[in-house]
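Worksheet for the structure shown next.
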Protein chains: 4
Amino acid sequence: MQFNTNKAIYLQIADLFCENILLKKWKENERIPSVREIAVDLEVNPNTALRSFLLLEEKEIIYNKRGVGYFVSEGGYNKTLALKEEFFINNDLPELMKTLNLLSLTIADLEKLSKGSKKF
Amino acid sequence: MQFNTNKAIYLQIADLFCENILLKKWKENERIPSVREIAVDLEVNPNTALRSFLLLEEKEIIYNKRGVGYFVSEGGYNKTLALKEEFFINNDLPELMKTLNLLSLTIADLEKLSKGSKKF
Amino acid sequence: MQFNTNKAIYLQIADLFCENILLKKWKENERIPSVREIAVDLEVNPNTALRSFLLLEEKEIIYNKRGVGYFVSEGGYNKTLALKEEFFINNDLPELMKTLNLLSLTIADLEKLSKGSKKF
Amino acid sequence: MQFNTNKAIYLQIADLFCENILLKKWKENERIPSVREIAVDLEVNPNTALRSFLLLEEKEIIYNKRGVGYFVSEGGYNKTLALKEEFFINNDLPELMKTLNLLSLTIADLEKLSKGSKKF
DNA sequence: GTGGTCTAGACCACC
DNA sequence: GTGGTCTAGACCACA
(Lines give C-alpha, C1' and ligand atoms only; values in the text may rest on other atoms or scores of the structure.)
Protein backbone atom coordinates (compact mmCIF):
# COMPACT_ATOMS: atom_id res chain seq x y z
CA MET A 1 0.00 0.00 0.00
CA GLN A 2 1.08 3.51 -0.80
CA PHE A 3 0.84 6.08 1.91
CA ASN A 4 0.31 9.75 1.53
CA THR A 5 3.34 11.50 2.98
CA ASN A 6 1.31 14.38 4.34
CA LYS A 7 -0.62 12.33 6.83
CA ALA A 8 0.61 10.01 9.54
CA ILE A 9 0.58 6.42 8.41
CA TYR A 10 -1.30 5.23 11.42
CA LEU A 11 -4.09 7.70 10.64
CA GLN A 12 -4.26 6.48 7.07
CA ILE A 13 -4.51 2.92 8.32
CA ALA A 14 -7.29 3.93 10.68
CA ASP A 15 -9.11 5.53 7.75
CA LEU A 16 -8.67 2.34 5.81
CA PHE A 17 -10.24 0.40 8.66
CA CYS A 18 -13.18 2.78 8.73
CA GLU A 19 -13.62 2.31 5.01
CA ASN A 20 -13.67 -1.44 5.43
CA ILE A 21 -16.37 -1.10 8.04
CA LEU A 22 -18.43 1.33 6.00
CA LEU A 23 -18.10 -0.87 2.93
CA LYS A 24 -19.17 -3.84 5.07
CA LYS A 25 -16.01 -5.71 4.30
CA TRP A 26 -15.60 -5.98 8.04
CA LYS A 27 -18.81 -6.81 9.84
CA GLU A 28 -19.83 -6.17 13.40
CA ASN A 29 -18.59 -8.63 15.98
CA GLU A 30 -16.28 -10.14 13.42
CA ARG A 31 -12.61 -10.49 14.12
CA ILE A 32 -10.40 -8.24 12.04
CA PRO A 33 -6.82 -9.09 11.04
CA SER A 34 -4.25 -9.12 13.83
CA VAL A 35 -1.83 -6.30 14.42
CA ARG A 36 0.95 -8.39 13.02
CA GLU A 37 -0.97 -9.35 9.91
CA ILE A 38 -1.78 -5.72 9.18
CA ALA A 39 1.83 -4.78 9.78
CA VAL A 40 3.06 -7.37 7.32
CA ASP A 41 0.37 -6.69 4.73
CA LEU A 42 0.86 -2.95 4.75
CA GLU A 43 4.59 -3.20 5.29
CA VAL A 44 4.71 -1.07 8.37
CA ASN A 45 6.13 -1.61 11.79
CA PRO A 46 3.82 -3.49 14.19
CA ASN A 47 3.96 -0.50 16.51
CA THR A 48 2.63 1.76 13.80
CA ALA A 49 -0.13 -0.68 13.00
CA LEU A 50 -1.03 -1.00 16.66
CA ARG A 51 -1.53 2.75 16.95
CA SER A 52 -4.33 2.52 14.41
CA PHE A 53 -6.00 -0.20 16.42
CA LEU A 54 -5.69 1.77 19.63
CA LEU A 55 -7.14 4.86 18.01
CA LEU A 56 -10.23 3.04 16.82
CA GLU A 57 -10.56 1.12 20.05
CA GLU A 58 -10.66 4.39 21.91
CA LYS A 59 -13.45 5.57 19.65
CA GLU A 60 -15.23 2.30 20.44
CA ILE A 61 -15.32 1.29 16.82
CA ILE A 62 -13.38 -1.86 17.55
CA TYR A 63 -12.74 -3.76 20.76
CA ASN A 64 -10.17 -6.20 21.96
CA LYS A 65 -10.55 -9.68 23.34
CA ARG A 66 -7.43 -10.47 25.28
CA GLY A 67 -5.25 -12.99 23.59
CA VAL A 68 -7.73 -13.33 20.77
CA GLY A 69 -7.68 -10.21 18.67
CA TYR A 70 -9.67 -7.16 17.68
CA PHE A 71 -13.32 -7.18 16.68
CA VAL A 72 -15.67 -4.65 15.12
CA SER A 73 -17.91 -3.33 17.88
CA GLU A 74 -21.62 -3.93 18.05
CA GLY A 75 -22.86 -0.72 16.51
CA GLY A 76 -19.45 -0.06 15.03
CA TYR A 77 -20.86 0.63 11.62
CA ASN A 78 -23.16 3.35 12.86
CA LYS A 79 -20.50 4.81 15.09
CA THR A 80 -18.10 5.03 12.18
CA LEU A 81 -20.74 6.53 9.95
CA ALA A 82 -21.72 9.07 12.60
CA LEU A 83 -18.12 10.08 13.19
CA LYS A 84 -17.37 10.47 9.51
CA GLU A 85 -20.60 12.36 8.92
CA GLU A 86 -19.98 14.68 11.80
CA PHE A 87 -16.49 15.38 10.57
CA PHE A 88 -17.76 15.93 7.08
CA ILE A 89 -20.45 18.36 8.15
CA ASN A 90 -18.28 20.29 10.56
CA ASN A 91 -15.01 20.30 8.69
CA ASP A 92 -15.00 19.14 5.11
CA LEU A 93 -18.22 20.85 4.12
CA PRO A 94 -17.45 24.33 5.49
CA GLU A 95 -14.03 24.05 3.95
CA LEU A 96 -15.57 23.03 0.66
CA MET A 97 -18.07 25.86 0.67
CA LYS A 98 -15.34 28.34 1.41
CA THR A 99 -13.19 27.00 -1.39
CA LEU A 100 -16.09 27.00 -3.84
CA ASN A 101 -16.77 30.57 -2.92
CA LEU A 102 -13.16 31.59 -3.45
CA LEU A 103 -13.05 29.82 -6.79
CA SER A 104 -16.42 31.24 -7.85
CA LEU A 105 -17.83 27.77 -8.22
CA THR A 106 -21.19 26.37 -7.17
CA ILE A 107 -22.21 22.95 -6.02
CA ALA A 108 -23.81 22.45 -9.40
CA ASP A 109 -20.40 22.88 -11.01
CA LEU A 110 -19.11 19.93 -9.02
CA GLU A 111 -21.15 17.50 -11.10
CA LYS A 112 -19.40 18.51 -14.29
CA LEU A 113 -15.99 18.71 -12.71
CA SER A 114 -16.28 15.30 -11.15
CA LYS A 115 -17.24 13.81 -14.50
CA GLY A 116 -14.55 15.61 -16.38
CA SER A 117 -11.87 14.51 -13.99
CA LYS A 118 -9.72 11.59 -14.97
CA LYS A 119 -10.02 10.25 -11.48
CA PHE A 120 -13.50 8.84 -12.11
CA MET B 1 -7.05 33.64 15.41
CA GLN B 2 -7.53 29.97 16.12
CA PHE B 3 -5.37 27.54 14.26
CA ASN B 4 -6.16 24.01 13.36
CA THR B 5 -3.73 21.80 15.22
CA ASN B 6 -3.48 19.34 12.37
CA LYS B 7 -1.97 21.70 9.88
CA ALA B 8 1.19 23.72 10.12
CA ILE B 9 0.46 27.23 11.25
CA TYR B 10 2.48 28.83 8.48
CA LEU B 11 0.40 26.98 5.90
CA GLN B 12 -2.80 28.19 7.49
CA ILE B 13 -1.49 31.72 7.38
CA ALA B 14 -0.55 31.32 3.73
CA ASP B 15 -4.09 30.11 3.06
CA LEU B 16 -5.39 33.18 4.79
CA PHE B 17 -3.26 35.37 2.53
CA CYS B 18 -4.59 33.61 -0.55
CA GLU B 19 -8.09 34.17 0.67
CA ASN B 20 -7.46 37.86 1.08
CA ILE B 21 -6.15 38.02 -2.45
CA LEU B 22 -9.03 36.05 -3.92
CA LEU B 23 -11.52 38.15 -1.99
CA LYS B 24 -9.74 41.23 -3.34
CA LYS B 25 -9.06 42.47 0.14
CA TRP B 26 -5.46 42.61 -0.92
CA LYS B 27 -5.07 44.00 -4.42
CA GLU B 28 -2.26 43.57 -6.89
CA ASN B 29 0.77 45.78 -6.35
CA GLU B 30 -0.60 46.83 -3.00
CA ARG B 31 1.53 46.49 0.09
CA ILE B 32 0.38 43.85 2.53
CA PRO B 33 0.99 43.92 6.30
CA SER B 34 4.53 43.35 7.48
CA VAL B 35 5.81 40.12 8.92
CA ARG B 36 5.88 41.75 12.30
CA GLU B 37 2.33 43.02 12.06
CA ILE B 38 1.08 39.63 11.03
CA ALA B 39 2.98 37.97 13.85
CA VAL B 40 1.48 40.31 16.40
CA ASP B 41 -2.02 40.18 14.98
CA LEU B 42 -2.14 36.41 14.76
CA GLU B 43 -0.09 35.88 17.90
CA VAL B 44 2.48 33.68 16.27
CA ASN B 45 6.22 33.56 16.28
CA PRO B 46 7.66 36.02 13.70
CA ASN B 47 9.63 33.15 12.21
CA THR B 48 6.40 31.31 11.59
CA ALA B 49 4.84 34.35 9.97
CA LEU B 50 7.91 34.81 7.80
CA ARG B 51 7.63 31.29 6.47
CA SER B 52 4.19 32.10 5.11
CA PHE B 53 5.59 35.09 3.27
CA LEU B 54 8.49 33.09 1.88
CA LEU B 55 6.16 30.36 0.70
CA LEU B 56 3.98 32.75 -1.25
CA GLU B 57 6.97 34.66 -2.52
CA GLU B 58 8.36 31.44 -3.91
CA LYS B 59 5.09 30.86 -5.73
CA GLU B 60 5.39 34.41 -7.05
CA ILE B 61 2.10 35.42 -5.52
CA ILE B 62 3.78 38.13 -3.51
CA TYR B 63 7.11 39.88 -3.89
CA ASN B 64 9.39 41.77 -1.62
CA LYS B 65 10.77 45.28 -1.92
CA ARG B 66 13.74 45.43 0.36
CA GLY B 67 13.23 47.78 3.22
CA VAL B 68 9.69 48.48 2.14
CA GLY B 69 7.63 45.36 2.54
CA TYR B 70 5.73 42.69 0.67
CA PHE B 71 3.36 43.35 -2.19
CA VAL B 72 0.84 41.31 -4.12
CA SER B 73 2.37 40.42 -7.48
CA GLU B 74 1.10 41.66 -10.80
CA GLY B 75 -1.04 38.71 -11.84
CA GLY B 76 -1.09 37.46 -8.27
CA TYR B 77 -4.82 37.06 -8.31
CA ASN B 78 -4.80 34.77 -11.32
CA LYS B 79 -1.83 32.84 -10.06
CA THR B 80 -3.55 32.21 -6.77
CA LEU B 81 -6.74 31.23 -8.46
CA ALA B 82 -4.95 28.81 -10.77
CA LEU B 83 -3.09 27.18 -7.91
CA LYS B 84 -6.19 26.78 -5.83
CA GLU B 85 -8.15 25.41 -8.73
CA GLU B 86 -5.52 22.91 -9.62
CA PHE B 87 -5.27 21.74 -6.05
CA PHE B 88 -9.01 21.54 -5.79
CA ILE B 89 -9.40 19.42 -8.89
CA ASN B 90 -6.54 17.08 -8.12
CA ASN B 91 -6.88 16.71 -4.41
CA ASP B 92 -9.99 18.05 -2.77
CA LEU B 93 -12.39 16.82 -5.38
CA PRO B 94 -11.27 13.17 -5.52
CA GLU B 95 -11.21 13.15 -1.75
CA LEU B 96 -14.69 14.60 -1.66
CA MET B 97 -16.08 12.04 -4.07
CA LYS B 98 -14.63 9.22 -2.06
CA THR B 99 -16.11 10.57 1.14
CA LEU B 100 -19.49 11.10 -0.44
CA ASN B 101 -19.42 7.54 -1.63
CA LEU B 102 -18.59 6.17 1.82
CA LEU B 103 -21.31 8.26 3.41
CA SER B 104 -23.81 7.32 0.71
CA LEU B 105 -24.27 10.92 -0.25
CA THR B 106 -24.52 12.55 -3.65
CA ILE B 107 -23.50 15.95 -4.85
CA ALA B 108 -27.16 16.85 -4.83
CA ASP B 109 -27.26 16.20 -1.10
CA LEU B 110 -24.62 18.82 -0.57
CA GLU B 111 -27.09 21.58 -1.38
CA LYS B 112 -29.35 20.62 1.46
CA LEU B 113 -26.56 19.94 3.87
CA SER B 114 -24.88 23.23 3.21
CA LYS B 115 -28.14 25.04 3.84
CA GLY B 116 -29.00 23.07 6.93
CA SER B 117 -25.62 23.66 8.44
CA LYS B 118 -25.33 26.37 11.04
CA LYS B 119 -22.04 27.34 9.53
CA PHE B 120 -23.67 29.30 6.71
CA MET C 1 -19.38 -12.02 34.25
CA GLN C 2 -17.71 -8.80 33.26
CA PHE C 3 -14.00 -8.56 33.67
CA ASN C 4 -12.00 -5.47 34.24
CA THR C 5 -9.74 -4.98 31.26
CA ASN C 6 -6.92 -3.61 33.37
CA LYS C 7 -6.32 -6.75 35.35
CA ALA C 8 -5.53 -10.23 34.17
CA ILE C 9 -8.66 -12.34 33.99
CA TYR C 10 -7.12 -15.21 35.90
CA LEU C 11 -6.34 -12.88 38.79
CA GLN C 12 -9.89 -11.62 38.85
CA ILE C 13 -11.12 -15.19 38.94
CA ALA C 14 -8.74 -15.98 41.78
CA ASP C 15 -10.13 -12.98 43.63
CA LEU C 16 -13.60 -14.31 43.07
CA PHE C 17 -12.57 -17.64 44.55
CA CYS C 18 -11.14 -15.92 47.61
CA GLU C 19 -14.37 -14.05 48.01
CA ASN C 20 -16.33 -17.25 47.94
CA ILE C 21 -14.11 -18.68 50.62
CA LEU C 22 -14.24 -15.60 52.82
CA LEU C 23 -18.01 -15.44 52.42
CA LYS C 24 -18.16 -19.12 53.36
CA LYS C 25 -19.86 -19.98 50.13
CA TRP C 26 -17.07 -22.45 49.66
CA LYS C 27 -16.22 -24.29 52.84
CA GLU C 28 -13.04 -26.04 53.85
CA ASN C 29 -12.56 -29.53 52.47
CA GLU C 30 -15.48 -29.03 50.15
CA ARG C 31 -15.11 -29.61 46.47
CA ILE C 32 -15.27 -26.48 44.35
CA PRO C 33 -16.44 -26.33 40.73
CA SER C 34 -14.20 -27.90 38.12
CA VAL C 35 -11.95 -25.95 35.83
CA ARG C 36 -14.26 -26.75 32.99
CA GLU C 37 -17.36 -25.60 34.83
CA ILE C 38 -15.70 -22.35 35.77
CA ALA C 39 -14.54 -21.83 32.21
CA VAL C 40 -18.05 -22.35 30.87
CA ASP C 41 -19.75 -20.30 33.57
CA LEU C 42 -17.44 -17.36 33.25
CA GLU C 43 -17.01 -17.74 29.52
CA VAL C 44 -13.26 -17.85 29.60
CA ASN C 45 -10.66 -20.07 28.06
CA PRO C 46 -10.13 -23.23 30.16
CA ASN C 47 -6.43 -22.40 30.28
CA THR C 48 -7.26 -19.09 31.87
CA ALA C 49 -9.50 -20.75 34.43
CA LEU C 50 -6.81 -23.30 35.19
CA ARG C 51 -4.30 -20.57 35.96
CA SER C 52 -6.57 -19.29 38.70
CA PHE C 53 -6.69 -22.74 40.25
CA LEU C 54 -2.95 -23.15 40.03
CA LEU C 55 -2.38 -19.79 41.62
CA LEU C 56 -4.51 -20.61 44.64
CA GLU C 57 -3.12 -24.10 44.82
CA GLU C 58 0.34 -22.65 45.02
CA LYS C 59 -0.77 -20.47 47.91
CA GLU C 60 -2.20 -23.61 49.52
CA ILE C 61 -5.66 -22.16 49.63
CA ILE C 62 -7.02 -24.99 47.54
CA TYR C 63 -5.66 -28.44 46.78
CA ASN C 64 -6.19 -30.98 44.07
CA LYS C 65 -7.29 -34.59 44.31
CA ARG C 66 -6.30 -36.20 41.07
CA GLY C 67 -9.22 -37.30 39.06
CA VAL C 68 -11.64 -35.84 41.57
CA GLY C 69 -11.30 -32.09 41.60
CA TYR C 70 -10.19 -29.13 43.63
CA PHE C 71 -11.02 -28.61 47.30
CA VAL C 72 -10.69 -25.76 49.75
CA SER C 73 -7.74 -26.51 52.03
CA GLU C 74 -8.01 -27.21 55.72
CA GLY C 75 -7.24 -23.76 57.10
CA GLY C 76 -7.95 -22.21 53.72
CA TYR C 77 -10.22 -19.63 55.20
CA ASN C 78 -7.59 -18.29 57.57
CA LYS C 79 -4.91 -18.40 54.94
CA THR C 80 -7.05 -16.40 52.56
CA LEU C 81 -7.90 -13.92 55.25
CA ALA C 82 -4.29 -13.49 56.25
CA LEU C 83 -3.19 -12.94 52.67
CA LYS C 84 -5.89 -10.43 51.98
CA GLU C 85 -5.18 -8.59 55.20
CA GLU C 86 -1.51 -8.39 54.54
CA PHE C 87 -2.09 -7.13 51.05
CA PHE C 88 -4.60 -4.64 52.30
CA ILE C 89 -2.29 -3.21 54.93
CA ASN C 90 0.76 -3.05 52.71
CA ASN C 91 -0.76 -2.02 49.45
CA ASP C 92 -4.35 -0.90 49.43
CA LEU C 93 -4.15 1.15 52.58
CA PRO C 94 -1.09 3.26 51.70
CA GLU C 95 -2.56 3.79 48.27
CA LEU C 96 -5.84 4.83 49.81
CA MET C 97 -4.22 7.30 52.18
CA LYS C 98 -2.32 8.89 49.35
CA THR C 99 -5.44 9.23 47.25
CA LEU C 100 -7.42 10.67 50.14
CA ASN C 101 -4.68 13.21 50.63
CA LEU C 102 -4.69 14.24 46.99
CA LEU C 103 -8.45 14.56 46.97
CA SER C 104 -8.45 16.46 50.27
CA LEU C 105 -10.61 13.81 51.86
CA THR C 106 -10.38 12.21 55.28
CA ILE C 107 -11.30 8.76 56.46
CA ALA C 108 -14.33 10.33 58.08
CA ASP C 109 -15.53 11.45 54.66
CA LEU C 110 -15.57 7.86 53.50
CA GLU C 111 -18.60 7.13 55.65
CA LYS C 112 -20.72 9.70 53.87
CA LEU C 113 -19.38 8.85 50.45
CA SER C 114 -20.02 5.16 50.85
CA LYS C 115 -23.58 5.87 51.90
CA GLY C 116 -24.18 8.39 49.15
CA SER C 117 -22.87 6.07 46.49
CA LYS C 118 -25.38 4.17 44.43
CA LYS C 119 -23.19 1.16 44.67
CA PHE C 120 -24.40 0.27 48.13
CA MET D 1 12.42 7.13 40.12
CA GLN D 2 11.29 3.63 40.94
CA PHE D 3 8.42 2.23 38.99
CA ASN D 4 5.96 -0.36 40.07
CA THR D 5 6.32 -3.35 37.79
CA ASN D 6 2.62 -4.09 37.82
CA LYS D 7 1.59 -0.95 36.08
CA ALA D 8 2.73 0.49 32.79
CA ILE D 9 5.40 3.12 33.29
CA TYR D 10 3.62 5.65 31.14
CA LEU D 11 0.56 5.36 33.35
CA GLN D 12 2.63 5.87 36.46
CA ILE D 13 4.16 8.95 34.91
CA ALA D 14 0.72 10.25 34.05
CA ASP D 15 -0.30 9.68 37.68
CA LEU D 16 2.75 11.59 38.77
CA PHE D 17 1.75 14.50 36.55
CA CYS D 18 -1.72 14.50 38.04
CA GLU D 19 -0.22 14.58 41.49
CA ASN D 20 1.91 17.55 40.58
CA ILE D 21 -1.16 19.36 39.37
CA LEU D 22 -3.24 18.46 42.42
CA LEU D 23 -0.41 19.49 44.70
CA LYS D 24 -0.14 22.75 42.77
CA LYS D 25 3.46 22.09 41.91
CA TRP D 26 2.38 22.62 38.34
CA LYS D 27 0.00 25.52 37.89
CA GLU D 28 -2.52 26.22 35.20
CA ASN D 29 -1.20 27.73 32.00
CA GLU D 30 2.33 27.07 33.15
CA ARG D 31 4.71 25.17 30.98
CA ILE D 32 5.65 21.75 32.28
CA PRO D 33 8.97 20.02 31.60
CA SER D 34 9.57 18.90 28.04
CA VAL D 35 9.20 15.33 26.93
CA ARG D 36 12.93 14.98 26.75
CA GLU D 37 13.51 16.42 30.19
CA ILE D 38 11.03 14.04 31.72
CA ALA D 39 12.60 11.16 29.85
CA VAL D 40 16.05 12.01 31.18
CA ASP D 41 14.86 12.76 34.72
CA LEU D 42 12.87 9.59 35.06
CA GLU D 43 15.30 7.56 33.02
CA VAL D 44 12.81 6.31 30.52
CA ASN D 45 12.71 6.37 26.77
CA PRO D 46 11.35 9.60 25.28
CA ASN D 47 8.65 7.57 23.58
CA THR D 48 7.46 6.25 26.89
CA ALA D 49 7.45 9.72 28.38
CA LEU D 50 5.56 11.07 25.39
CA ARG D 51 2.79 8.54 25.90
CA SER D 52 2.08 10.06 29.29
CA PHE D 53 1.82 13.50 27.75
CA LEU D 54 -0.49 12.29 25.03
CA LEU D 55 -2.72 10.56 27.54
CA LEU D 56 -3.19 13.69 29.59
CA GLU D 57 -3.54 15.86 26.52
CA GLU D 58 -6.38 13.68 25.39
CA LYS D 59 -8.07 14.17 28.74
CA GLU D 60 -7.54 17.91 28.25
CA ILE D 61 -5.52 18.21 31.41
CA ILE D 62 -2.55 19.53 29.49
CA TYR D 63 -2.25 21.08 26.05
CA ASN D 64 0.49 21.55 23.56
CA LYS D 65 1.84 24.67 21.96
CA ARG D 66 3.62 23.65 18.83
CA GLY D 67 7.32 23.94 19.08
CA VAL D 68 7.04 25.34 22.57
CA GLY D 69 6.00 22.59 24.91
CA TYR D 70 3.17 21.32 27.06
CA PHE D 71 1.15 23.45 29.46
CA VAL D 72 -1.37 22.73 32.18
CA SER D 73 -4.81 23.53 30.82
CA GLU D 74 -7.00 26.30 32.07
CA GLY D 75 -9.20 24.38 34.46
CA GLY D 76 -6.73 21.53 34.48
CA TYR D 77 -6.72 21.37 38.24
CA ASN D 78 -10.45 20.90 38.46
CA LYS D 79 -10.47 18.46 35.59
CA THR D 80 -7.83 16.35 37.26
CA LEU D 81 -9.62 16.50 40.56
CA ALA D 82 -12.92 15.55 38.97
CA LEU D 83 -11.38 12.62 37.14
CA LYS D 84 -9.63 11.32 40.20
CA GLU D 85 -12.73 11.77 42.31
CA GLU D 86 -14.91 10.02 39.82
CA PHE D 87 -12.51 7.15 39.63
CA PHE D 88 -12.30 6.99 43.37
CA ILE D 89 -16.05 6.95 43.87
CA ASN D 90 -16.75 4.46 41.13
CA ASN D 91 -13.81 2.16 41.48
CA ASP D 92 -11.63 2.52 44.52
CA LEU D 93 -14.43 3.06 46.98
CA PRO D 94 -16.62 0.08 45.99
CA GLU D 95 -13.51 -2.04 45.94
CA LEU D 96 -12.56 -0.79 49.36
CA MET D 97 -15.99 -1.43 50.83
CA LYS D 98 -15.99 -4.92 49.42
CA THR D 99 -12.57 -5.63 50.86
CA LEU D 100 -13.51 -4.19 54.23
CA ASN D 101 -16.56 -6.40 54.24
CA LEU D 102 -14.52 -9.49 53.40
CA LEU D 103 -12.00 -8.68 56.09
CA SER D 104 -14.72 -7.85 58.63
CA LEU D 105 -13.37 -4.35 59.01
CA THR D 106 -15.20 -1.05 59.21
CA ILE D 107 -14.25 2.40 58.06
CA ALA D 108 -13.65 3.26 61.69
CA ASP D 109 -10.95 0.59 61.81
CA LEU D 110 -9.08 2.37 59.04
CA GLU D 111 -8.12 5.18 61.39
CA LYS D 112 -6.26 2.87 63.70
CA LEU D 113 -4.73 0.84 60.91
CA SER D 114 -3.45 3.89 59.10
CA LYS D 115 -1.84 5.13 62.27
CA GLY D 116 -0.34 1.79 63.17
CA SER D 117 1.15 1.32 59.75
CA LYS D 118 4.83 2.06 59.31
CA LYS D 119 4.04 3.79 56.09
CA PHE D 120 2.87 6.93 57.84
C1' DG E 1 -1.13 -17.48 18.85
C1' DT E 2 -2.70 -12.59 20.66
C1' DG E 3 -1.79 -7.64 22.09
C1' DG E 4 0.98 -4.30 25.21
C1' DT E 5 5.04 -2.08 26.70
C1' DC E 6 9.48 -0.47 26.31
C1' DT E 7 14.01 0.71 24.46
C1' DA E 8 17.17 2.84 21.21
C1' DG E 9 17.48 5.81 18.05
C1' DA E 10 16.46 8.07 13.55
C1' DC E 11 14.20 11.64 10.96
C1' DC E 12 11.17 15.37 10.33
C1' DA E 13 8.34 19.55 10.71
C1' DC E 14 7.73 23.28 13.28
C1' DC E 15 8.65 27.40 16.44
C1' DG F 1 14.81 24.19 21.00
C1' DT F 2 9.95 21.63 20.72
C1' DG F 3 6.92 17.47 19.81
C1' DG F 4 5.46 13.64 16.36
C1' DT F 5 6.21 9.66 13.72
C1' DC F 6 8.36 5.63 12.50
C1' DT F 7 11.44 1.61 12.51
C1' DA F 8 13.57 -2.47 14.47
C1' DG F 9 13.23 -5.46 17.64
C1' DA F 10 13.00 -7.26 22.42
C1' DC F 11 10.31 -8.98 26.23
C1' DC F 12 6.22 -10.11 28.60
C1' DA F 13 1.54 -11.47 30.01
C1' DC F 14 -2.26 -13.58 28.46
C1' DA F 15 -5.58 -17.00 26.04
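Numbers restart at 1 for each chain; the letters A, B, ... are given by sequence-line order, proteins then strands.
Dashed line: the shortest gap from a side-chain N or O of A:S34 to OP1 or OP2 of E:dT2 is under 4.0 Å. Considering only side-chain N and O atoms, A:Y63 lies nowhere under 4.0 angstrom from the phosphate OP1 or OP2 of E:dG3.
Residue-to-nucleotide proximity on DNA chain E shows that, of D:L11 and B:K7, the 5′-proximal contact is made by D:L11. Both B:A8 and D:V44 lie near DNA chain E, and the one whose nearest nucleotide falls closer to the 5' end is D:V44. Sequence order on DNA chain F of the closest nucleotides to A:Q12 and D:K65 puts D:K65 first from the 5' end.
Side chain of A:R51, nearest nucleotide from E:dG3, E:dC15, F:dT5: F:dT5. Distance from the side chain of A:L54 is smallest to E:dG4 among E:dG4, F:dC6, E:dC15. If you check E:dC14, E:dG4, E:dG9 against the side chain of D:R66, the one that comes closest is E:dC14. When each of F:dT5, E:dC6, E:dC15 is scored by its nearest atom to the side-chain atoms of A:N47, the top-ranked nucleotide is E:dC6.
A:L50 comes within contact range of at least one nucleobase, with a heavy-atom separation under 4.0 Å. C:N45 comes within 4.0 angstrom of sugar-phosphate atoms only, judged by non-hydrogen atoms across all strands, and of no base. Among the atoms of the strands shown, only primed sugar atoms or phosphate atoms (P, OP1, OP2) are found under 4.0 Å from some heavy atom of B:Y10. D:N64 comes within contact range of the sugar-phosphate backbone alone, with a heavy-atom separation under 4.0 Å but no base atom that close. Within 4.0 Å (heavy atoms only), A:R36 reaches at least one base atom of the nucleic acid.
A tilted orientation is assigned to the rings of A:F53 and A:Y70, their planes being inclined by 30° to 60°.
If you check the side chains of A:N29 and A:E74, you find a donor sitting under 3.5 Å from an acceptor.
Look at OH on D:Y70: it is 18 Å from P on F:dG1, rounded to the nearest Å. Rounded to an integer number of Å, the gap from CD of D:E57 to C1' of F:dT2 is 13 Å. If you measure from atom CD1 of A:I38 to atom P of E:dT2, you get 12 Å, rounded to the nearest angstrom. With rounding to whole Å, A:I9 atom CD1 is found 11 Å from F:dA8 atom P. Atom C1' of nucleotide E:dT2 and atom CZ of A:F71 are separated by 10 Å, given to the nearest angstrom. When the P atom of E:dG1 is taken as reference, atom CD of A:E37 falls 11 Å away, rounded to whole Å. Note: CZ (D:F3) to P (E:dC6) measures 9 Å, nearest angstrom.
Proximity of B:I13 to B:V44: side-chain heavy atoms (C-beta onward) are separated by under 4.5 Å at one or more points. With contacts defined as side-chain heavy-atom distances shorter than 4.5 Å, the pair D:L83/D:K59 qualifies.
Electrostatic pairing of D:K25 and D:E19 does not count as a salt bridge here, judged by no charged N lying under 4.0 Å from a carboxylate O. C:D92 and C:K84 are not joined by a salt bridge, as no carboxylate oxygen comes within less than 4.0 angstrom of a charged side-chain nitrogen.
Under the Watson-Crick and G-U wobble criteria, each requiring two contacts below 3.5 Å, nucleotide E:dC14 is paired to F:dG1.
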